[in-house]
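Data block below; observations after.
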Amino acid sequence: MVTSDLFDATEVKEGSTTMELLETDGSLRFWWYDAYEHRERGSVYLFGKVFNKDNNSYVSCCVAVQNIERNVFILPRNQASNGEEIGLEDVYGELSDICTKNGIKKWASKPTTRKYAFEIPGVPQEAEYLKMVYSYNEPALPANLSGSTFSHAFGTQTGPLEHFLVKRDIMGPCWLEIKNAKTSGSKETWCKAEFLVNNPKMCNPYRDANGNAPKEIPPLVIMSLSLRTVLNKQKNANEIVAASALVCKNVKIDEPTPIQNQVKIRFTAVRQLSNTPFPPGFQDALAKERKLNNTTIQVERTESSLLNYLIARIHVCDPDVIVGHNFAGFDLDVLLHRMKALNTQHWHKLGRLKRKNWPKLQAGAGGARESTYQEKMVMCGRLVCDTYLAAKDLIRSKSYRLNELAKSQLKIEREDIEFDKLASYYNNSEDLIHMVKHCSFDAFLSSSLMFKLQILPLTRQLTNLAGNLWARTMTGARAERNEFLLLHEFHRQKYICPDKSFGIKSQAAVEALDLDDDDNAEKPKTKSKGRRKPAYSGGLVLEPKKGFYDKYVVLLDFNSLYPSIIQEYNICFTTVQRHDASDEPEEEKVPDIPEQGMTQGVLPRLIKTLVERRRQVKQLMKNPKLGEAEMMQLDIRQKGLKLTANSMYGCLGFSHSRFYAKPLAMLITHKGREILQNTVDLAGTLDLNVIYGDTDSIMVYTNESEMDKVKEMGNLLKRRVNQLYNLLEIDIDGFFKHMLLLKKKKYAALLVEEKPNGELVETVETKGLDLVRRDWCDLSHDVSNRVLAAILSKLDREEVVEQIHAYLREVSAEIRNGEMPLDKFIINKQLTKSPEEYADAKSQPHVQVALRMREAGLSVNSGDTVPYVICSVENMPSGSRGFAERAYHPNDVKNGEKQLGKNIEWYLNQQVHPPIARLCSPIDGTDAAHLAECLGLDGSKFTHVSMANGDGDTYVTLESQISDAERFKDCDRLELQCRHCNTKTTFDGIGRLTADDTMEYGLSCMQCHQDLFIPTIRIQLTLAIRSFIRRYYEGWLICDDPTCSNRTRAMSVFGRRCAVNGCQGAMSREYTDKQLYTQILYYSHALDLDLTKKKYMGTPHSGKNIKKDLW
RNA sequence: GUCGGGAGCGU
DNA sequence: ATTACTATTGACGCTCCCGAC
Ligand SMILES: [Mg+2]
Ligand SMILES: [Mg+2]
C-alpha cells in the first residue's frame, strides 16, 4: 500500500487498544455513510464501518471530526459613501468592531480571490474578498450582514457538515483515510469503535495507488422492523402490542442477491393486552410455531418489557440500516412516543448517538404523520429505508399499501388485516398466532421490497453523484441533492455559492412578496393545495389532430431535451446575462443565449460529464460476458446519471432552491418551445403530416403501411433535424401501426418493435387515458381495455363497432347480475392533506372515507391513498346530499355492516360509460347514446350525433374507412356558371363520372365541355364558402327533443338546456362545425389534383396545381 | 358557461 | 448550563369530477 509520506506512524502514538482497526501506517480506513453535525461545537460525527483484522469482520465505527472552522467571505465595497477608496485594512477594522460587538473573540483573516455568478445584484464576477476564519464555538455572524466598508458577507450561516463535505470534496458514502485518529475517551455513541480527529484536514477520500477510489464496500447489517399497535382511546396513544424484525447480517448492496439467499435472523416480541392473560392454549401454540418455523417469539407481559427487549436486540444486532414500510411516517414516531411514556432506558440505541434529552415529538397519539426533523435525527448512524416513501418515488401504483406493492412487485398475496380490529385477535390463540405471523411477515415483505426496488444501491448512486447525505436521499429530498451537486462543483471552481436562507428572505421570497403586493386583489398564488400558480411557461404541446389512424405513425423524440439545451446553448449561471439593468418593469423577459465564443459554463460541463459517463456505462453494458452483478451495478449507475442530469432543470425553477434562477429556467423552456416549433415547421416543408407533439416529441402520420417507407420518412426528418444542432439529437422512438389520438396527452397506440431476428412484436402503449389513472375503478379499466383492444385491432371498423356493442351488452348484464367481485369497484384517491384539513369534506368521497377510518382508530395521513366504493344506501337522510355520502371503505362493504350494496347504476353511468364514450368518440358508427343503450342506460341524455354534434371536436376520419361518397353525401355540390354557355351546372370535381359511366377530368363545363375560366371559379367558390361560414355563425340552435320544436339563436343562461318550459332537451347547433368542416373538405377534395390522381389513377389533361391557385 | 373545490396524469 | 428554533415543496401543461350560481 502506498501512503502519503507526510503523515506517518510517528504521528500516531496512541492506538494500542485499537490496533486491530488501524492500518500499518497508523491511519484509519473508514467507510462512511452517515453523519451528524454538532453546530455549536463545530464537530461532525461520521458514522460508518471499519475492518477489524482481529476477526476479519466489519464493525460499526464513529469518527468525531472536531475543530471545523467557519469560513466567511467579506466583499469590500469599491468606495465608501464619502467617495474614498476602501482598502482591506478598512474592512478589517470595521470587521473587528463587528466581531467584538457579536462576541467573537478569536478570528483570523486573509485576502482571497473568489468568483460569483448568482442572483445577488452588484456582486462582481470576480473580486478580492477578505476570508475570515473562526471557530464554530464562537457565535455566528448575522445573516445578510453588511457594513460601510463591505457590501456582503457570505457563508455566515453555513453549518459544519456542509462545510466539511464540500471542503474535503467528499462525494457521498466512500472510503476515507483518516490520519491521526485518536481513540476517544468518553463513549459518545453506540458504535463498536469510536475515534476522534481534531483536524478536519486529516480526513480525505481514500485513493489507491492508481488514484482511484476502491470499488468494494463493506457488507451492511440490515434490520427490517414491523410493529402492531392498538389505539388506547382514553390516553389517545397508539400502544405497541407486537414487534417483529428480520435481520440480514451480511448484505452486499452492490450484488443482486435475492432475499431468499441472504443470511437472515428473525424474531418477534408480543405482549398481553393490558392485564388480561393470553388466550388459553397460546403457549402451546407458540411452542409449536417456534419449532415449525424455527423462529424466535418472545412473550412479554407489558409494553415496557417488550420495548426493552426490542432495544436490546437492536443494540446487539447493531444494524446499519433500518427498513420498514412507512417507518418514517408511523413506526418511528410511535416507538419514540411509547419509549418516552414508559421511560425506556437507552431509548437512543434506536440510533447510534447517545442522547440525554428527548427530541420534540409529534403531537397526538403517535404515528399521525411524517416524523419531525428532530425525530429523524434520533436515527442518525443508522439509515432509515422507508419502503413506503421509496416506492412512491420509484414506481407508480394504485396504492402504496404493503398489500398492493407485495402483489405487484413481489407477486405475493398479503392478507389484509383490519388494524382497527386488532384487539379482537386476542380472543383465541389461533388468531393471535395468526396476527404474530402476519406482523413477522410484514418485516419480510418490506425487506423484500427494498431488495426488489434496489432502493439502497440506487440511492447510494445518487448520493455519490451529488455528494449529499445518503439519509437525505432516502427521504427523497431532490432539491437538496441538486444543491449539493452544484455546491461541490462551484466550490471546486472557486466560486462563492449562494447561502442557505433561513428566516431571512431569499431572492425568491422577495420576488414572491413583490408579486403579492403588486396584484393583491388577484387570485392567490396557490391554485390548488400546495401547487402554486406557474411562474413561467413550460413545454409546447401541439394541438392534436384527433382521430383513429390505421396506418403507420412515426414517433420522434429529442434525447433528454432540457439537459441537451443546456449544453447546446451553453446555458449557465456563469454565461447568461440576466441582471437586466435597462428594463426594470419587464421582469418576465427571457434572457438572450450567451455568445458563441463564450467559454463553457459550469453547468453545461457538469451535464456533459454526466452524459458522457452515462454513455460509457451504456457502452459497457453491451458486453455480453457481463455477470448479473456487474450488469446490475452498471444499470444502477446509468439510471443515477440520467436522473441527476434530468433533475437539474427542475431545480433551476424551484423558488426555494439556493440556486434558483428563473431566467435560466425560462430560457431553457423557451428554447425547447422554439426547437419543437422549428421541427414541426421543418416537417411541414418536407410534406410530412404532423399530428401531435408534446414538449420534446413529434408524431408524423405517414399514411403508409410498409415499414420500409415509414422508416425512410422517419429517418429523413431525423437527418434534417439533427443537421441543425451540434449536440441536440432527435431519434426515432417508435412506430405505431394503429393509433387512437383523443386529446392532448391522451392516446393509445399499437407499438411495433423489430426484434433482432427481424420479427415484429406489437404492444399497446397507453398514455394519459382513464385506463392508466388510479381514480377510476378496475371495472372501468377492464371494460376500457377491452374496447381499446377492439379499436386498435385490425378488424374492419364496422366489425369493431359491432364487437364493442356486443361486449358492452354482455358485460353490463354480467355486472347487473352481481357477478363482479367487489375489488373491481374500488376507486383510489390520494389525500393531499390531512383529512380534517379539507374545507369542503362533504362533497368528497375519499375525505369522507378517510374521516371515518380515522374515527375507527386507523392512521390516515396526507399522502395516503384511500380506497372507496360508491354504494346505494337505502335510507338516505333527507335530501340527497350528494354522492360523497354514499362512499364507503371496501372493508365496510365486505363486512356488510349496514347492508351496503354497490351502486351498479352509478358505476355504469359514472365509471364505465364516460371513459368508453371518450374512447369511441372518434369512431364512426357509434356514439355516446348508442353506447349508453348497450350498457342498458338511458341514451336519451346524450344528443344523437345524427341530429347535431356540437361538441366542437373534429376528427380525422380515414380515407380508407369511409368512401368519399359516404362522407360527403350531405354536402352541397359546387355550382359553377360557365362563361361560354352561361348555364349553371353542378361541378362534381376535377375527376368525375359522367352519365355514360366514363371518367372525365379537368376544369371543364359539364354542359358545353369548354374550359372554365379560373378567376371565375375562384370567385364562385369563395362566395359559396362564405355562405356556409355565415350559416355557421348565424348560430341557429335547435332542441334535440324530437317533441320540442324550439329553434332559436338566443343563447340560454342555462348553457345548453332548452329554454322551453317543461322541456328537458338540450340545445345544439343546427349547422355544426363538423358539417362546415366536411363541406369545406369536400370542396377541397373536389379540386385537389393529387387526391384525384390517387383516386382514379389517371392523368388529367389539364395539369396545374389547382388547389394552390384557389386557396 | 363561469367560478370555486378536488383528483393525477403527461413531458 | 440549558434550550429553543426554523423547515424541508424540482418545473409546467392538460384533462376530468363535483358543486354553486
Ligand atoms: Mg425525450
Ligand atoms: Mg418525449
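Naming: A, B, ... by sequence-line order, numbering from 1 per chain.
The listed nucleotides are rA7(B), dC16(C), dT3(C); the one nearest the side chain of Asn357(A) is dT3(C). Closest to the side chain of Tyr373(A), from the set rG5(B), rU11(B), dA7(C), is dA7(C). For Lys829(A), the listed nucleotide lying nearest its side chain is rA7(B); candidates were rA7(B), dG19(C), dC5(C). For Lys360(A), taking side-chain heavy atoms from C-beta onward, the closest of the listed nucleotides dT6(C), dC16(C), rU11(B) is dT6(C). In the set rG5(B), rU11(B), dT8(C), rU11(B) carries the atom at the smallest distance from any side-chain atom of Thr695(A). Nearest to the side chain of His846(A), among rA7(B), dA7(C), dC5(C), sits rA7(B).
For the pair Phe883(A) CZ and rA7(B) P, the interatomic distance rounds to 12 Å; values are reported in whole Å. Atom P of nucleotide dT6(C) and atom CD of Gln374(A) are separated by 9 Å, given to the nearest angstrom. Here the C1' atom of nucleotide dC16(C) and the CZ atom of Arg918(A) are 6 Å apart, to the nearest Å. We find that CG of Leu769(A) is positioned 9 Å from P of rG10(B), with the value rounded to whole Å. What separates NZ of Lys500(A) from C1' of dA7(C) is a distance of 9 Å, to the nearest Å. Per the geometry, CZ belonging to Arg658(A) stands 15 Å off C1' belonging to dT6(C), to the nearest Å. Between the CZ atom of Arg472(A) and the P atom of dA7(C) there is a distance of 15 Å, given to the nearest Å. Between Trp776(A) atom CH2 and rA7(B) atom C1' there is a gap of 11 Å when expressed in whole angstrom units.
Between Asp770(A) and Arg918(A) a salt bridge is recorded (basic side-chain N to carboxylate O distance below 4.0 Å). Between Lys398(A) and Asp778(A) there is a salt bridge, with a side-chain nitrogen of the basic residue lying less than 4.0 Å from a carboxylate oxygen of the acidic one. Look at Glu483(A) and Arg478(A) and you find no salt bridge, because none of the NZ, NE, NH1 or NH2 atoms lies under 4.0 Å from a carboxylate O. Using a 4.0 Å cut-off between charged side-chain N and carboxylate O, Lys671(A) and Glu674(A) make a salt bridge. With salt bridges taken as basic N to acidic carboxylate O contacts below 4.0 Å, one links Lys745(A) and Asp694(A).
In this structure, Lys354(A) places its NZ atom where more than 12 heavy-atom neighbours from other residues, nucleotides or ligands lie under 6.0 Å away.
Among the heavy atoms of the strands, none lies under 4.0 Å from Asn482(A).
For Thr832(A) and rA7(B), the shortest distance from a side-chain N or O to OP1 or OP2 is below 4.0 Å. For Tyr747(A), no side-chain nitrogen or oxygen approaches OP1 or OP2 of dC14(C) to under 4.0 Å. A close approach under 4.0 Å does not occur between any side-chain nitrogen or oxygen of Arg774(A) and OP1 or OP2 of rA7(B). At rG6(B), none of the side-chain N or O atoms of Gln830(A) fall inside 4.0 Å of OP1 or OP2 (strictly under the cut-off). In this model, the phosphate group of rC9(B) is not approached by any side-chain N or O of Lys743(A) to a distance below 4.0 Å at OP1 or OP2.
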Protein-nucleotides 10-13 of chain C N/O pairs closer than 3.5 Å?
unit_1: dG10(C); atom_1: N7; unit_2: Arg478(A); atom_2: NE; d: 3.0
unit_1: dG10(C); atom_1: N7; unit_2: Arg478(A); atom_2: NH2; d: 3.0
unit_1: dC12(C); atom_1: OP1; unit_2: Ala535(A); atom_2: N; d: 2.6
unit_1: dC12(C); atom_1: O3'; unit_2: Gly538(A); atom_2: N; d: 2.7
unit_1: dG13(C); atom_1: OP1; unit_2: Gly538(A); atom_2: N; d: 2.8
unit_1: dG13(C); atom_1: N7; unit_2: Arg531(A); atom_2: NH2; d: 3.1
unit_1: dG13(C); atom_1: O6; unit_2: Arg531(A); atom_2: NH1; d: 3.1
unit_1: dG13(C); atom_1: O6; unit_2: Arg531(A); atom_2: NH2; d: 2.5

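The C1' atoms of rG10(B) and dG10(C) are separated by 16 Å, rounded to the nearest whole Å.
Residues that satisfy the side-chain contact (heavy atoms from CB on, under 4.5 Å) test with Asp775(A), not counting sequence neighbours, are Arg773(A), Lys829(A).
With a 6.0 Å cutoff to the six-membered ring centre and a 45° limit on the axis angle, Arg39(A) does not count as a cation-pi contact of Tyr136(A).
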